[in-house]
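We use all heavy atoms of the structure for the numbers below, so side chains are in, but hydrogens, waters and symmetry mates are not.
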Amino acid sequence: MNFSVASPSAWNAHAAYSRLSSARAKLATDQMPTAAAPGVITADRAAVANAEAEVARVVAAHAAEVARFQRSGQFLDVYA
């Protein structure tokens with residue numbers, strides 16, 4: 001049996017959400033009237049879309065990992 005402190009999907013989810021948060025913050029900052037040109041705002045929107053897609057991929061991979069683990073039967077339910 002294999003044990004790890006933090007699964008790779010947990011770390012990837014944290015990093016993906018962090019990138020999404022940063023991209024959204026940058027977009028919000030650049031949308032101020034004098035902050036950026038339209039091209040920069042378009043690039044920021046693309047970065048947000050990419051980050052959202054990455055979060056969706058990580059969440060789907062985590063759901064698949066959980067489902068695979070539950071089907072394996074290699075776990076114990078402990079009630080205290």
Would you sort out whether L20 and E54 count as a side-chain contact (heavy atoms from CB on, under 4.5 Å), showing the intermediate values? CA-CA 9 Å; L20 177 57; E54 181 183 5; over 6 Å; no

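In this structure, NZ on K26 lies 8.0 Å from OG1 on T29, to the nearest 0.5 angstrom. From R19, atom CZ reaches atom NE2 of H14 across 10.0 Å, with rounding to the nearest 0.5 Å. Atom CD of Q31 is separated from atom CZ of R45 by 5.0 Å, given to the nearest 0.5 angstrom.
Judged by distance alone, the side chain of S22 and the main-chain N or O of S18 form a donor-acceptor pair under 3.5 Å.
Heavy atoms only, all atoms of each residue included: D30 and V40 are closest at OD2-CG1, 3.5 Å.
Residues V48 and D44 are not in side-chain contact: their nearest non-hydrogen atoms beyond the backbone lie 4.5 Å or more apart.
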